[in-house]
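Naming convention: chains lettered A, B, ... in sequence-line order (proteins, then strands); numbering from 1 in each chain.
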Number of protein chains: 2
Amino acid sequence: MPKGDFLGAFEEIVLLALIHLRDNAYGMTIRREIEDRSGRAVSIGAVYSTLDRLESKGLVSSTYSDGSEARRGRAKRYFELEPEGAKSLNRSSEILANMWRGLEPGSDLSKS
Amino acid sequence: MPKGDFLGAFEEIVLLALIHLRDNAYGMTIRREIEDRSGRAVSIGAVYSTLDRLESKGLVSSTYSDGSEARRGRAKRYFELEPEGAKSLNRSSEILANMWRGLEPGSDLSKS
DNA sequence: TCCTTGTATCTACAATGTAGAAATACGGAG
DNA sequence: CTCCGTATTTCTACATTGTAGATACAAGGA
């Protein structure tokens with residue numbers, strides 16, 4: 001039995017946000033996407049440190065925008081989901097699906 | 001916007017295991033339930049420390065078996081999901097469902 | 001008494017999550 | 001040219017969660 005893989009809850013959320021944002025995923029938009037979909041406040045620091053960790057594990061990659069883009073402020077760092085990231089996401093969702101099997105998400109769980 | 005709630009990935013898994021096990025949930029059975037459903041090795045220490053944390057947050061409760069039960073070894077500590085735990089579970093699953101909305105779990109995520 | 005089996009507790013550490021302040025970079029106002 | 005505002009990333013420090021395994025406890029049987 002494999003041990004010690006699977007994503008943290010927030011890591012999974014961040015990866016999913018990347019997919020929705022496609023090629024417009026950078027710090028601030030990622031933060032907003034998560035806040036919009038989760039209804040939960042998220043600090044910018046939380047987003048970046050999670051992304052950094054994910055990158056160091058090879059699940060996402062990042063590239064800086066070149067100067068050709070009309071912009072204010074620093075160069076944006078765009079993030080992209082790597083194939084390994086998609087795999088992790090699938091593994092996690094399968095595990096969770098197995099744990100939920102037979103239960104109805106959203107219904108009364110207290111005596112199922 | 002609320003901040004700082006929601007369950008860790010493993011916490012969620014443990015809570016779900018409790019529900020499946022109903023009134024037979026104690027350390028060893030919980031461990032096995034998770035291993036069976038996740039296909040992943042889990043240490044007994046991981047299980048207990050998570051349960052302890054969950055109990056201190058009021059999401060689960062535990063009671064020791066009385067001596068009337070024919071048994072070997074220590075008294076079992078049975079765990080039960082508290083209403084607060086069910087709430088947390090529902091919140092977490094809703095957030096995740098929102099993050100997945102529009103994507104197909106299990107399919108190719110790389111360019112969705 | 002000592003061994004085996006089933007169980008829980010403890011300890012120490014690694015990984016993840018969180019917040020906010022500081023730094024960087026550009027454009028525009030004066 | 002300097003200063004200010006805005007958009008963005010980076011840094012730092014700390015809190016919470018995740019993990020492993022050793023140790024303690026309890027009962028029954030050899």
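Distance A:M28 CE to D:dT6 P: 13 Å, rounded to the nearest Å. At whole-Å resolution of the value, CG in B:L7 and C1' in D:dT17 are 11 Å apart. One can place CD of B:E11 at 11 Å from P of D:dT19, the figure rounded to the nearest angstrom. Following rounding to the nearest Å, A:Y26 (OH) and C:dA25 (C1') show an atom-to-atom distance of 15 Å. Separating the CZ atom of B:R77 from the P atom of D:dA26 is a distance of 15 Å, rounded to the nearest angstrom. Atom CZ in B:R31 sits roughly 11 Å away from atom C1' in D:dA20 (whole-Å rounding). Put simply, NZ on B:K76 is 18 Å from C1' on C:dT9, counting in whole angstrom units. Atom CD in B:E12 sits about 11 Å away from atom P in D:dG18, given to the nearest Å.
Using a 4.0 Å cut-off between charged nitrogen and carboxylate oxygen, A:E84 and A:K87 count as a salt-bridge pair. For the pair A:D36 and A:R31, the salt-bridge criterion is not met [side-chain N within less than 4.0 Å of a carboxylate O].
Distances shown here put every side-chain N or O of A:R72 at or beyond 4.0 Å from the OP1 or OP2 atom of C:dG28. Distances shorter than 4.0 Å separate none of the side-chain N or O atoms of B:S43 from OP1 or OP2 on D:dT19.
Heavy-atom distances to DNA chain D give each of B:V47 and A:Y78 a nearest nucleotide, and the one nearer the 5′ end belongs to A:Y78. Between A:R74 and A:G8, it is A:G8 whose nearest contact on DNA chain C lies nearer the 5' terminus.
Every residue was checked against the salt bridge (charged side-chain N to carboxylate O under 4.0 Å, His left out) condition with B:R74, not counting sequence neighbours, and none meets it. With sequence neighbours left out, the salt bridge (charged side-chain N to carboxylate O under 4.0 Å, His left out) criterion links B:E11 to B:R53, B:K57.
At most 12 non-hydrogen atoms from other residues, nucleotides or ligands lie less than 6.0 angstrom from CD of A:E80.
Under 3.5 Å, the side chains of A:R37 and A:H20 contain a donor-acceptor pair of N or O atoms.
DNA chain C lies under 4.0 Å from no heavy atom of any residue of residues 49-59 of chain B.
Cation-pi geometry between B:R91 and B:F6 is not met at under 6.0 angstrom from the ring centre and within 45 degrees of the axis.
Contacts of B:Y64 with the nucleic acid, taken as non-hydrogen atoms under 4.0 Å apart, involve only primed sugar atoms and P, OP1 or OP2. In this structure, A:G45 reaches the bases: a heavy-atom distance under 4.0 Å links it to at least one base atom across the strands shown.
For A:A9, counting side-chain heavy atoms from C-beta on, the closest listed nucleotide (C:dG17, D:dT19, C:dT18) is C:dG17. The A:I44 side chain lies nearest to D:dT10 when the options are C:dT18, D:dT19, D:dT10.
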